[in-house]
Amino acid sequence: MAKGFSERERIMVRQGLIHACQECWSRYGYQKTGIRELTEMANISTGAFYQFFESKEMLFVATADEYQKTLIALFHETMRRQPDKSGVAASIKALVSAMSGMPWLTSMWEEWPVIARKLPPGYVEADFQGDIVRIGEIVAQYGLSPTRSIESVTAIIDILMASVVRQGFMPAGQRDSVDFIIDAVIGNLFD
């Protein structure tokens, strides 16, 4: 029978798995990271792993979701200083800058199609619906006026982020081009 964990131990083991996932993801990428490496680094058994996550893919998504909280806080911190459409552009630039220093996270954009195929049915759509809610809350909180539906704004921002976050793989000196793209897209998405 699997060892029971106290609530405190569950929190610590979950965080240990997320940290192990970041490390393995950086070193080996998604496809070359196995549950064995993750559990060894987190100092738990393979059986215990399944008390926390139903699959490696769900751990990878949880790891990205955990970091997303930091990114959302950074977005709002920037927006509070500049609560208008230029603040949205500045906030996205801040996100791109933060993400470009996290190779495990930026590689997710490349590996997402493989990960997504292995997630439970409906997960990707539910994740996009969550993005729509978050974008809608941002629009309402900062009194923004989108030029398109929230669904369309969300899809465009998702595509923009997927494209520009790859700047770490672009030739040096391309930051001005990335900033231009962000300004142009956001400038057209909001009045």
Side-chain angles (χ1 to χ4, degrees), residues 18 21-22 25-26 30 57-58 60-191:
I18 287 172
C21 185
Q22 288 174 347
W25 204 338
S26 291
Y30 158 77
E57 291 75 26
M58 291 306 294
F60 275 68
V61 168
T63 301
D65 286 348
E66 192 68 27
Y67 190 65
Q68 184 180 40
K69 293 173 189 174
T70 302
L71 295 175
I72 290 169
L74 174 61
F75 185 92
H76 284 290
E77 178 184 317
T78 306
M79 281 298 294
R80 280 191 286 279
R81 290 191 301 266
Q82 203 173 353
D84 56 17
K85 76 177 180 179
S86 61
V88 174
S91 296
I92 290 175
K93 291 172 192 176
L95 296 181
V96 169
S97 182
M99 292 171 73
S100 67
M102 303 297 291
W104 65 269
L105 187 60
T106 55
S107 74
M108 183 177 187
W109 297 103
E110 302 270 331
E111 298 173 317
W112 180 246
V114 175
I115 296 169
R117 283 194 299 270
K118 296 181 180 184
L119 293 172
Y123 182 88
V124 173
E125 181 59 31
D127 186 56
F128 181 68
Q129 292 302 317
D131 288 348
I132 291 170
V133 168
R134 282 185 288 281
I135 297 291
E137 289 169 350
I138 288 167
V139 164
Q141 181 175 349
Y142 297 104
L144 300 168
S145 298
T147 60
R148 297 175 174 263
S149 71
I150 293 300
E151 293 81 3
S152 182
V153 168
T154 303
I156 291 166
I157 289 175
D158 281 357
I159 292 166
L160 175 66
M161 291 301 296
S163 300
V164 301
V165 88
R166 297 184 71 212
Q167 74 165 352
F169 307 106
M170 292 182 195
Q174 296 298 312
R175 184 58 196 240
D176 287 344
S177 299
V178 170
D179 288 351
F180 177 83
I181 292 167
I182 292 169
D183 289 337
V185 170
I186 298 305
N188 284 298
L189 278 181
F190 299 99
D191 285 328

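Looking at heavy atoms from C-beta onward, Leu189 lies in side-chain contact with Ile186 at the 4.5 angstrom threshold. Counting heavy atoms from C-beta outward, Tyr123 and Met58 have side chains that approach closer than 4.5 Å. With contacts defined as side-chain heavy-atom distances shorter than 4.5 Å, the pair Thr147/Phe190 does not qualify. Within the 4.5 Å cutoff, side-chain heavy atoms of Ile92 are placed close to those of Leu160.
For Tyr30, the ring pair (Phe, Tyr, Trp, His ring centres under 6.0 Å) test picks out Phe60, with sequence neighbours left out. Applying the salt bridge (charged side-chain N to carboxylate O under 4.0 Å, His left out) rule to Lys93 yields the partners Asp183; only residues at least two apart in sequence or on another chain are considered. For Phe75, there are no ring pair (Phe, Tyr, Trp, His ring centres under 6.0 Å) partners two or more places apart in sequence or in a different chain. Ala116 is linked by a side-chain contact (heavy atoms from CB on, under 4.5 Å) to Trp112, Val124, counting only residues two or more places apart in sequence or in another chain.
Taking a cutoff of 4.0 Å between a charged side-chain nitrogen and a carboxylate oxygen, Arg175 and Asp179 qualify as a salt bridge.
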For residues 129-145, which side-chain donor-acceptor pairs fall under 3.5 Å, sequence neighbours excluded?
from	atom 1	to	atom 2	distance (Å)
Gln129	NE2	Glu125	OE2	2.6
Asp131	OD1	Arg134	NH2	2.6
Tyr142	OH	His76	ND1	2.7

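Atom CD1 in Ile156 sits 11.5 Å away from atom CD in Glu151 (nearest 0.5 Å). In this structure, Leu71 CG and Lys69 NZ are separated by 12.0 Å, a value rounded to the nearest 0.5 Å. Interatomic distance, OG1 of Thr154 versus CD1 of Ile159, reported as 11.0 Å (0.5 Å rounding).
Across all their heavy atoms, Ile18 and Ala62 have their closest contact at CD1-O, 4.3 Å. Across Val88 and Met79, no two heavy atoms sit closer than the pair N-SD, 3.3 Å. In this structure, Ala94 and Leu74 approach most closely via the heavy-atom pair O-CD2, 3.6 Å. Annotation for Gly87 and Thr78: closest pair O-CG2, 4.4 Å, computed over non-hydrogen atoms.
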Quiz item: Step by step, would you call Glu57 with Arg117 a side chain to side chain contact (heavy atoms under 4.5 Å, CB included)?
Solution: CA-CA 9 Å; Glu57 291 75 26; Arg117 283 194 299 270; over 6 Å; no
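The stretch residues 77-87 participates, sequence neighbours left out, in these salt bridge (charged side-chain N to carboxylate O under 4.0 Å, His left out) pairs: Glu77-Arg81.
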